[in-house]
Amino acid sequence: MIRYAWLFCLLLPCAASAEQPNWNQFRGPAGDGHATAVNLPVELSETKNLVWKTAIRGKAWSSPVAWGDQIWLTTAPEDGKQLSLLCVDFKTGEIIKDIVVFDNPDPAFCHGMNSYATPTPVIEEGRIYVHYGSAGTAAVDTASGEVLWTRRDLPCDHFRGAASSPIVFEDLLIIPFDGFDVQYVAALNKKDGTTAWKTPRTFDFGTKNGDNKKAYCTPAVFEVNGSPQLVCPAAVATETLDPRTGKLLWTVFHGGMNASARPLYGEGLIFITNGMGRMVAAAPPAAGSDEAEVAWESSKGVPKKASLLLIDGLLYMAADTGVVSCVEPKTGDVIWSERLVKEYAASPLYADGRIYLFGREGEIHVLQPGREFKLLAETKLANGFMASPAVVDDSILVRSTSDLYRFEKP
């Protein structure tokens, strides 16, 4: 009996952990910033719970994605003349592939707050799809590093640089192009990169100034009324399309421009923010209607860049002003609000029952979600954060403006 009791005790830690699915896209498997891991470290610092730290060349705000023992991230020099893809070994932190996907001898203008490699790739078994805006989109074999197909004929004057990340739905790679000159959503066949459908924005922007037509949002597919719907925020309005055909289903008007946060769906509402610091909560319309109703709207503590978290019936926001808020999702009422840092750009992470927040000057705060503000840990890394984190097994992967970190409990 003693032998079997000893064996049972050995098995307990395995039973208590939850294997994290591959972190395949911006904001994780469900696109909502949630991770399933249950044995993550609370304190993340240069000296505590650090497995390895790897310098990453260039200036790039894309988030890491991971499949198996491979971590992938895009990068580019500050002048944007080469657009590259790096593969890092999960166990050692060694850069094992450095692939120049595109030479870009005449790069378009990119604002200093942006980078030439801001969109996050999408990865699946054997393939990774990278996107650098109108400068190029490609599929790369993850075993050999071979570029399988490319597209450089999707026009768009991003005016301040590209930032929308692609997503995968069934056999399609879906990418918004909301620029100064044109605004549309394209779906490419994953196998060969050919265009499956292309849908222009159909609403009236109410302006001839292309600067007010820009957006940088990553779309999301939600199951609504029993069918998949592709929610694609833009300037002025958000359009929802049939992801298989590109057919317009419904529209909600909310004003503003430069939308960059990924939309969320929960509590019967879709939560959408714009780059002007305003948000709306919209109820998807009933079948047969083509315009959604706005349940509420707010500008209190709303992020211009970071995406939101929805946890156990509460909405959490990390604003550019450094203010973190907890909000009632059905009404928009603020439950609590605390200023933690000077500025946020990276989206927060919910993992192992905690909220992880990453500031632009390297600050990391860990909170206990709930109706009362509770700070669990406060640390700081050498450089700040524009990219959002990822989770693989019991590790948190964090990309600063200069390095990629892997944190795990000893």
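Side chains included, hydrogens not; waters and symmetry mates left out as well; all remaining heavy atoms used.
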**Student:** Looking at Ala259, is its backbone amide N or carbonyl O close enough to the side chain of Lys214 to form a donor-acceptor pair, meaning the two atoms are under 3.5 Å apart?
**Tutor:** no
**Student:** How many angstroms lie between atom CG of Leu188 and atom CG of Leu154, to the nearest 0.5 angstrom?
**Tutor:** 6.0 Å
**Student:** Residues two or more places apart in sequence or in another chain: which of them pass salt bridge (charged side-chain N to carboxylate O under 4.0 Å, His left out) with Lys190?
**Tutor:** Glu124
**Student:** Please list all pairs passing the salt bridge (charged side-chain N to carboxylate O under 4.0 Å, His left out) test where one or both residues lie in residues 274-303, with sequence neighbours left out.
**Tutor:** Arg278-Glu297
**Student:** Check salt bridge (charged side-chain N to carboxylate O under 4.0 Å, His left out) between Glu361 and all other residues, then give those that pass, not counting sequence neighbours.
**Tutor:** none
**Student:** Taking the side chain as everything from C-beta on, heavy atoms only, tell me whether Pro29 gets closer than 4.5 Å to Asn22.
**Tutor:** no
**Student:** Once you round to the nearest 0.5 Å, how far does CZ of Phe271 lie from CG of Leu315?
**Tutor:** 5.5 Å
**Student:** What verdict does the side chain to side chain contact (heavy atoms under 4.5 Å, CB included) test give for Leu241 and Trp197, after you've listed the backbone C-alpha separation in whole Å, the side-chain angles of each residue and the deciding distance to 0.1 Å?
**Tutor:** CA-CA 11 Å; Leu241 312 175; Trp197 55 258; 4.0 Å; yes
**Student:** Among all residues two or more places apart in sequence or in another chain, which pass the ring pair (Phe, Tyr, Trp, His ring centres under 6.0 Å) test with His254?
**Tutor:** none
**Student:** Hey, does Leu375 have a side-chain heavy atom less than 4.5 Å from the side chain of Val366?
**Tutor:** no
**Student:** Does Tyr132 reach the side chain of Thr137, with side-chain heavy atoms less than 4.5 Å apart?
**Tutor:** no
**Student:** Within a reach of under 6.0 Å around NZ of Lys409, are more than 12 heavy atoms found that belong to other residues, nucleotides or ligands?
**Tutor:** yes
**Student:** Hey, are the side chains of Val231 and Pro219 touching, using non-hydrogen atoms and a 4.5 Å cut-off?
**Tutor:** no
**Student:** Please check this pair: side chain of Trp61 against backbone of Met113, looking for a donor-acceptor N/O pair closer than 3.5 Å.
**Tutor:** yes
**Student:** So, the side chain of Thr379 versus the backbone of Leu44: is there a donor-acceptor pair under 3.5 Å, distance only?
**Tutor:** yes
**Student:** Whether the side chain of Arg399 engages the backbone of Ser62 through a donor-acceptor N/O pair (distance < 3.5 Å, no angle test) should be reported.
**Tutor:** yes
**Student:** Taking salt bridge (charged side-chain N to carboxylate O under 4.0 Å, His left out) as the test, write out the residues that go with Lys53, two or more places apart.
**Tutor:** Glu46
**Student:** My understanding is that only residues two or more places apart in sequence, or in another chain, count here; which of them pass side chain to side chain donor-acceptor pair (under 3.5 Å) with Asn209?
**Tutor:** none
**Student:** Would you give the length of the straight line joining atom NZ of Lys48 to atom CG of Leu50, rounded to the nearest 0.5 angstrom?
**Tutor:** 13.0 Å
**Student:** Would you please say whether a donor-acceptor pair under 3.5 Å links the side chains of Thr321 and Glu343?
**Tutor:** no
**Student:** Roughly how far, to the nearest 0.5 Å, is the CZ atom of Phe109 from the CG atom of Asn114?
**Tutor:** 9.5 Å
**Student:** Would you say Thr199 and Leu248 make side-chain contact, with heavy atoms under 4.5 Å?
**Tutor:** no
**Student:** Does the distance from a Lys or Arg side-chain N to an Asp or Glu carboxylate O, for Arg406 and Glu408, drop under 4.0 Å?
**Tutor:** yes
**Student:** Is a side-chain donor-acceptor pair under 3.5 Å present for Glu94 with Trp52?
**Tutor:** no
**Student:** Does Ile396 form a side chain to side chain contact (heavy atoms under 4.5 Å, CB included) with Val398? I'd like the steps, not just the answer.
**Tutor:** CA-CA 6 Å; Ile396 298 180; Val398 179; 3.6 Å; yes
**Student:** Quick check: does any side chain N or O of Asp211 sit under 3.5 Å from a backbone N or O of Phe180, one acting as donor and the other as acceptor?
**Tutor:** no
**Student:** Just wondering, are more than 12 heavy atoms of other shown residues or ligands nearer than 6.0 Å to CG in Asp106?
**Tutor:** no
**Student:** Keeping the roles fixed (side chain from Thr120, backbone from Phe26), state whether a donor-acceptor pair exists under 3.5 Å.
**Tutor:** no
**Student:** Flag the pair Lys305 and Asp320 as a salt bridge only when some basic side-chain nitrogen lies within less than 4.0 angstrom of an acidic carboxylate oxygen.
**Tutor:** yes
**Student:** With side-chain hydrogen bond (donor to acceptor under 3.5 Å, both in side chains) as the test, would you mind laying out the steps for Glu338 and Trp336 before giving the verdict?
**Tutor:** CA-CA 7 Å; Glu338 297 284 340; Trp336 55 255; over 6 Å; no
**Student:** Sequence neighbours left out, what passes salt bridge (charged side-chain N to carboxylate O under 4.0 Å, His left out) with Asp69? Give chain and number order.
**Tutor:** Lys91
**Student:** Hey, are the side chains of Leu86 and Thr74 touching, using non-hydrogen atoms and a 4.5 Å cut-off?
**Tutor:** no
**Student:** Strictly by modelled atom types, are Arg27 and Ser165 linked by a side-chain donor-acceptor pair under 3.5 Å?
**Tutor:** no
**Student:** Report the residues that fulfil side chain to side chain contact (heavy atoms under 4.5 Å, CB included) with Arg152, sequence neighbours left out, ordered by chain and then residue number.
**Tutor:** Phe102, Asn104
**Student:** Only pairs at least two apart or in different chains count here, so list each ring pair (Phe, Tyr, Trp, His ring centres under 6.0 Å) that has a residue in residues 387-410.
**Tutor:** Tyr405-Phe407
**Student:** Less than 4.5 Å apart, side chain to side chain, heavy atoms only: is that true for Val334 and Cys326?
**Tutor:** no
**Student:** Any non-hydrogen side-chain atom of Leu381 less than 4.5 Å from a side-chain atom of Phe358?
**Tutor:** no
**Student:** Examine distances only and state if a side-chain atom of Ser134 and a backbone atom of Cys156 form a donor-acceptor pair shorter than 3.5 Å.
**Tutor:** yes
**Student:** Decide, yes or no, whether a salt bridge links Arg262 with Asp32 under the criterion of side-chain N to carboxylate O below 4.0 Å.
**Tutor:** no
**Student:** Hey, is Arg354 close enough to Asp352 for a salt bridge, meaning N to O under 4.0 Å?
**Tutor:** yes
**Student:** Among residues two or more places apart or on two chains, list those pairs meeting side-chain hydrogen bond (donor to acceptor under 3.5 Å, both in side chains) that have a residue in residues 175-189.
**Tutor:** Asp178-Arg201, Asn189-Thr194
**Student:** Is there a donor-acceptor pair under 3.5 Å between the side chain of His158 and the backbone N or O of Arg160?
**Tutor:** no
**Student:** Could you check whether Thr75 and Ser84, counting side-chain N and O atoms only, form a donor-acceptor pair closer than 3.5 Å?
**Tutor:** no
**Student:** Find the distance between CG (Asp403) and OG1 (Thr54) and round it off to the nearest 0.5 Å.
**Tutor:** 8.0 Å
**Student:** Between His131 and Phe177, does the ring centre distance come in under 6.0 Å?
**Tutor:** yes
**Student:** What pairs of donor and acceptor atoms, side-chain ones from residues 76-83 against any protein atom, are under 3.5 angstrom apart with sequence neighbours left out?
**Tutor:**
unit_1, atom_1, unit_2, atom_2, d
Asp79, OD1, Lys81, N, 3.0
Gln82, NE2, Asp103, OD1, 3.4

**Student:** Using the side chain to side chain contact (heavy atoms under 4.5 Å, CB included) rule, take Val324 and Leu357 through it: C-alpha gap first, then chi angles, then the decisive distance, then the call.
**Tutor:** CA-CA 9 Å; Val324 179; Leu357 298 146; 4.0 Å; yes
**Student:** Looking at Asp153 and Arg151, does any basic side-chain N land under 4.0 Å from a carboxylate oxygen?
**Tutor:** yes
**Student:** Have Lys304 and Asn258 got a donor and an acceptor in their side chains that come within less than 3.5 Å?
**Tutor:** no
**Student:** With sequence neighbours excluded, what pairs up with Phe205 under the ring pair (Phe, Tyr, Trp, His ring centres under 6.0 Å) test?
**Tutor:** Phe203
**Student:** Would you sort out whether Ile71 and Val392 count as a side chain to side chain contact (heavy atoms under 4.5 Å, CB included), showing the intermediate values?
**Tutor:** CA-CA 9 Å; Ile71 304 165; Val392 176; 5.5 Å; no
**Student:** Output the distance between atom OG1 (Thr218) and atom CD (Gln25), rounded to the nearest 0.5 Å.
**Tutor:** 9.0 Å
